[in-house]
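The block underneath contains the structure these notes are about, expressed in C-alpha coordinates.
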Amino acid sequence: DVTLSATGDIDINSALAFKGTSVDGFTLLAGGAIAVNQSVSGTGNIVLDSGLTALGGSGAGGITVGAAVATTGTKAGDDAIVLSAGSAGIQLDSNLSASVVDLSTTGGGVTQAGTAGITTGLLQSSTGVGGAVALPGANAIGSIGAFAVTGGGLQLTDTGTLTITT
(Lines give C-alpha, C1' and ligand atoms only; values in the text may rest on other atoms or scores of the structure.)
Protein backbone atom coordinates (compact mmCIF):
# COMPACT_ATOMS: atom_id res chain seq x y z
CA ASP A 1 0.00 0.00 0.00
CA VAL A 2 0.98 3.61 -0.58
CA THR A 3 0.06 6.29 1.99
CA LEU A 4 0.41 10.02 1.39
CA SER A 5 -0.37 12.58 4.05
CA ALA A 6 -0.51 16.37 4.26
CA THR A 7 -1.18 18.78 7.09
CA GLY A 8 -3.28 20.94 4.74
CA ASP A 9 -5.39 20.29 1.66
CA ILE A 10 -4.75 17.69 -1.04
CA ASP A 11 -5.80 18.50 -4.62
CA ILE A 12 -5.55 15.73 -7.21
CA ASN A 13 -4.92 17.67 -10.42
CA SER A 14 -3.39 14.84 -12.49
CA ALA A 15 -4.82 11.39 -13.03
CA LEU A 16 -3.61 8.81 -10.50
CA ALA A 17 -3.45 5.11 -11.33
CA PHE A 18 -2.09 2.58 -8.87
CA LYS A 19 -1.91 -0.87 -10.45
CA GLY A 20 0.20 -3.96 -10.18
CA THR A 21 1.15 -6.64 -7.74
CA SER A 22 3.37 -4.39 -5.61
CA VAL A 23 0.62 -1.84 -4.84
CA ASP A 24 -2.56 -3.20 -3.26
CA GLY A 25 -4.14 0.22 -2.78
CA PHE A 26 -3.49 3.69 -1.55
CA THR A 27 -4.51 6.10 1.18
CA LEU A 28 -4.59 9.90 1.20
CA LEU A 29 -4.71 11.53 4.64
CA ALA A 30 -5.31 15.29 4.91
CA GLY A 31 -5.55 17.75 7.76
CA GLY A 32 -7.62 19.88 5.39
CA ALA A 33 -9.85 19.07 2.42
CA ILE A 34 -9.38 16.61 -0.44
CA ALA A 35 -10.40 17.55 -4.00
CA VAL A 36 -10.41 14.87 -6.71
CA ASN A 37 -10.11 16.94 -9.90
CA GLN A 38 -8.74 14.13 -12.11
CA SER A 39 -9.51 10.40 -12.20
CA VAL A 40 -8.22 8.05 -9.53
CA SER A 41 -8.00 4.31 -10.16
CA GLY A 42 -6.32 1.29 -8.71
CA THR A 43 -6.31 -2.42 -8.13
CA GLY A 44 -6.76 -2.24 -4.36
CA ASN A 45 -8.54 -0.22 -1.71
CA ILE A 46 -8.70 3.54 -2.21
CA VAL A 47 -9.01 5.50 1.05
CA LEU A 48 -9.47 9.29 1.24
CA ASP A 49 -9.60 10.70 4.77
CA SER A 50 -9.88 14.47 5.34
CA GLY A 51 -10.11 16.91 8.22
CA LEU A 52 -7.80 14.91 10.45
CA THR A 53 -6.99 16.75 13.67
CA ALA A 54 -4.01 14.42 14.18
CA LEU A 55 -2.46 16.10 11.12
CA GLY A 56 -3.17 19.59 12.42
CA GLY A 57 -6.56 19.98 10.76
CA SER A 58 -9.60 21.58 12.35
CA GLY A 59 -11.82 18.57 11.70
CA ALA A 60 -13.70 20.51 9.02
CA GLY A 61 -12.03 19.09 5.91
CA GLY A 62 -14.42 17.87 3.26
CA ILE A 63 -14.04 15.68 0.21
CA THR A 64 -15.11 16.75 -3.29
CA VAL A 65 -15.12 14.06 -5.99
CA GLY A 66 -15.05 15.92 -9.31
CA ALA A 67 -13.61 13.05 -11.37
CA ALA A 68 -14.17 9.29 -11.41
CA VAL A 69 -12.77 7.10 -8.65
CA ALA A 70 -12.66 3.36 -9.40
CA THR A 71 -10.95 0.25 -8.10
CA THR A 72 -10.85 -3.37 -9.14
CA GLY A 73 -9.22 -5.41 -6.42
CA THR A 74 -7.15 -8.45 -7.22
CA LYS A 75 -7.82 -10.15 -3.86
CA ALA A 76 -10.98 -10.67 -1.80
CA GLY A 77 -11.62 -7.66 0.43
CA ASP A 78 -9.27 -5.50 -1.60
CA ASP A 79 -11.78 -3.61 -3.71
CA ALA A 80 -13.21 -0.77 -1.63
CA ILE A 81 -13.50 2.99 -1.87
CA VAL A 82 -13.56 4.57 1.59
CA LEU A 83 -14.31 8.30 1.88
CA SER A 84 -14.17 9.74 5.39
CA ALA A 85 -14.67 13.51 5.75
CA GLY A 86 -14.81 16.06 8.50
CA SER A 87 -17.68 18.45 9.17
CA ALA A 88 -17.62 19.88 5.61
CA GLY A 89 -19.00 16.57 4.32
CA ILE A 90 -18.70 14.81 0.97
CA GLN A 91 -19.70 16.19 -2.45
CA LEU A 92 -19.98 13.60 -5.24
CA ASP A 93 -19.89 15.26 -8.66
CA SER A 94 -18.53 12.20 -10.47
CA ASN A 95 -18.70 8.40 -10.37
CA LEU A 96 -17.52 5.92 -7.76
CA SER A 97 -17.06 2.25 -8.69
CA ALA A 98 -15.95 -0.58 -6.37
CA SER A 99 -17.26 -3.74 -4.74
CA VAL A 100 -17.69 -1.76 -1.50
CA VAL A 101 -18.24 2.00 -1.16
CA ASP A 102 -17.98 3.35 2.40
CA LEU A 103 -19.03 6.98 3.05
CA SER A 104 -18.62 8.63 6.48
CA THR A 105 -18.63 12.23 7.74
CA THR A 106 -18.61 14.01 11.09
CA GLY A 107 -20.94 16.66 9.60
CA GLY A 108 -21.99 18.25 6.35
CA GLY A 109 -23.62 15.09 5.04
CA VAL A 110 -23.19 13.56 1.60
CA THR A 111 -24.49 15.26 -1.54
CA GLN A 112 -24.45 13.77 -5.03
CA ALA A 113 -24.97 15.48 -8.38
CA GLY A 114 -27.74 13.95 -10.48
CA THR A 115 -25.19 13.20 -13.20
CA ALA A 116 -22.92 11.17 -10.90
CA GLY A 117 -23.34 7.51 -10.03
CA ILE A 118 -22.23 4.94 -7.50
CA THR A 119 -21.71 1.41 -8.82
CA THR A 120 -21.16 -1.03 -5.97
CA GLY A 121 -22.24 -4.32 -4.51
CA LEU A 122 -22.36 -2.82 -1.00
CA LEU A 123 -22.90 0.75 0.18
CA GLN A 124 -22.08 1.31 3.84
CA SER A 125 -20.85 3.81 6.41
CA SER A 126 -18.26 2.58 8.91
CA THR A 127 -18.63 5.50 11.32
CA GLY A 128 -21.92 7.06 10.19
CA VAL A 129 -22.83 10.26 8.42
CA GLY A 130 -23.46 13.53 10.23
CA GLY A 131 -26.01 15.47 8.19
CA ALA A 132 -28.35 14.60 5.35
CA VAL A 133 -27.48 12.09 2.63
CA ALA A 134 -28.82 12.89 -0.87
CA LEU A 135 -27.89 10.37 -3.57
CA PRO A 136 -30.20 11.18 -6.53
CA GLY A 137 -27.77 10.05 -9.26
CA ALA A 138 -27.66 7.04 -11.58
CA ASN A 139 -26.72 4.59 -8.83
CA ALA A 140 -26.41 0.83 -9.24
CA ILE A 141 -26.18 -0.47 -5.67
CA GLY A 142 -26.67 -4.14 -4.82
CA SER A 143 -27.23 -3.71 -1.08
CA ILE A 144 -26.99 -1.24 1.78
CA GLY A 145 -25.23 -2.41 4.91
CA ALA A 146 -24.76 -0.48 8.16
CA PHE A 147 -25.40 3.17 7.28
CA ALA A 148 -26.29 5.39 10.25
CA VAL A 149 -27.37 8.95 9.45
CA THR A 150 -27.70 11.55 12.22
CA GLY A 151 -28.97 15.08 11.79
CA GLY A 152 -30.71 14.48 8.48
CA GLY A 153 -32.45 11.99 6.23
CA LEU A 154 -31.39 9.54 3.56
CA GLN A 155 -32.51 9.98 -0.06
CA LEU A 156 -31.35 7.34 -2.55
CA THR A 157 -32.14 6.64 -6.21
CA ASP A 158 -31.13 3.19 -7.43
CA THR A 159 -31.48 1.72 -10.92
CA GLY A 160 -31.79 -1.95 -9.88
CA THR A 161 -32.97 -4.23 -7.12
CA LEU A 162 -31.71 -3.01 -3.75
CA THR A 163 -31.28 -5.22 -0.68
CA ILE A 164 -31.14 -3.56 2.75
CA THR A 165 -29.21 -5.45 5.43
CA THR A 166 -28.62 -4.60 9.06
Side-chain angles (χ1 to χ4, degrees), residues 1-6 8-13 15-16 18 25-55 57-73 77-113 115-141 143-152 154-156:
D1 289 359
V2 173
T3 300
L4 303 171
S5 63
D9 297 342
I10 296 176
D11 293 336
I12 300 171
N13 293 320
L16 292 178
F18 291 88
F26 64 95
T27 301
L28 297 178
L29 306 172
I34 297 175
V36 179
N37 301 317
Q38 294 292 322
S39 65
V40 175
S41 63
T43 55
N45 296 326
I46 296 173
V47 178
L48 307 180
D49 199 345
S50 67
L52 297 170
T53 56
L55 291 175
S58 66
I63 297 173
T64 301
V65 176
V69 178
T71 182
T72 54
D78 198 18
D79 182 9
I81 294 172
V82 179
L83 305 181
S84 180
S87 61
I90 297 171
Q91 175 65 45
L92 302 174
D93 293 329
S94 194
N95 300 327
L96 302 178
S97 179
S99 291
V100 176
V101 172
D102 189 317
L103 307 173
S104 300
T105 72
T106 59
V110 178
T111 304
Q112 180 187 47
T115 55
I118 298 172
T119 302
T120 187
L122 175 64
L123 177 65
Q124 66 183 21
S125 179
S126 292
T127 60
V129 174
V133 177
L135 301 172
N139 301 306
I141 299 168
S143 65
I144 295 181
F147 203 101
V149 179
T150 57
L154 171 64
Q155 172 201 6
L156 172 66

CG/D79 to CG/N45 distance, rounded to the nearest 0.5 angstrom? 7.5 Å

Side chains of F18 and T43: does their closest heavy-atom pair fall under 4.5 Å? no

side-chain contact (heavy atoms from CB on, under 4.5 Å) for Q124 and V100? Distances and angles first, verdict last. CA-CA 8 Å; Q124 66 183 21; V100 176; 3.8 Å; yes

Between CG of L103 and CG of L96, what distance do you get to the nearest 0.5 Å? 7.0 Å

Strictly distance-based, threshold 3.5 Å: is any side-chain N or O of T120 a donor or acceptor partner for the main-chain N or O of S99? yes

Please examine the side chains of D102 and I81, heavy atoms only from C-beta on, and report whether any two atoms are closer than 4.5 Å. no

Under the side chain to side chain donor-acceptor pair (under 3.5 Å) test, which residues partner S125, sequence neighbours left out? S104

Any I46 side-chain heavy atom under 4.5 Å of V40 side chain: yes

Please round to the nearest 0.5 Å and tell me the distance separating atom CG of L92 and atom CG of L135. 7.0 Å

Kindly compute the distance separating CG (L28) from CD1 (I10), expressed to the nearest 0.5 Å. 5.0 Å

Is the backbone N or O of S87 less than 3.5 Å from a side-chain atom of T106, with the two atoms forming a donor-acceptor pair by type? yes

When you compare the side chain of V110 with that of T105, does any pair of heavy atoms fall below 4.5 Å? yes

Counting only N and O atoms by type, is there a donor-acceptor contact under 3.5 Å from the side chain of T111 to the main-chain atoms of V133? no

Just do the side-chain contact (heavy atoms from CB on, under 4.5 Å) check on D11 and N37 with the steps written out, would you? CA-CA 7 Å; D11 293 336; N37 301 317; 4.2 Å; yes

Heavy-atom nearest pair, V36 first then L48, reads CG2-CD1, 3.8 Å

Hey, does L156 have a side-chain heavy atom less than 4.5 Å from the side chain of I141? yes

Evaluate F26 against V47 for side-chain contact (heavy atoms from CB on, under 4.5 Å), listing each step before the verdict. CA-CA 6 Å; F26 64 95; V47 178; over 6 Å; no

Is it the case that N139 and Q112 place a side-chain donor and acceptor less than 3.5 Å from each other? yes

Considering all heavy atoms of both residues, which atom of S94 and which atom of G66 are nearest to each other, and what is their separation? CB-C, 3.6 Å

Just how far is it from atom CG of L55 to atom OG of S50, taken to the nearest 0.5 Å? 11.0 Å

Separation between CG (D49) and CD1 (I34), nearest 0.5 Å, reads 7.0 Å

Do any N or O atoms from the side chain of T71 and from the backbone of G44 form a donor-acceptor pair under 3.5 angstrom? yes

Please report the closest heavy-atom contact between G117 and N95, naming both atoms and the distance. N-OD1, 2.7 Å

Who passes side chain to side chain donor-acceptor pair (under 3.5 Å) against S5, sequence neighbours left out? none

Looking only at heavy atoms, which two atoms of S58 and T53 are closest? And how far apart? C-CG2, 4.0 Å

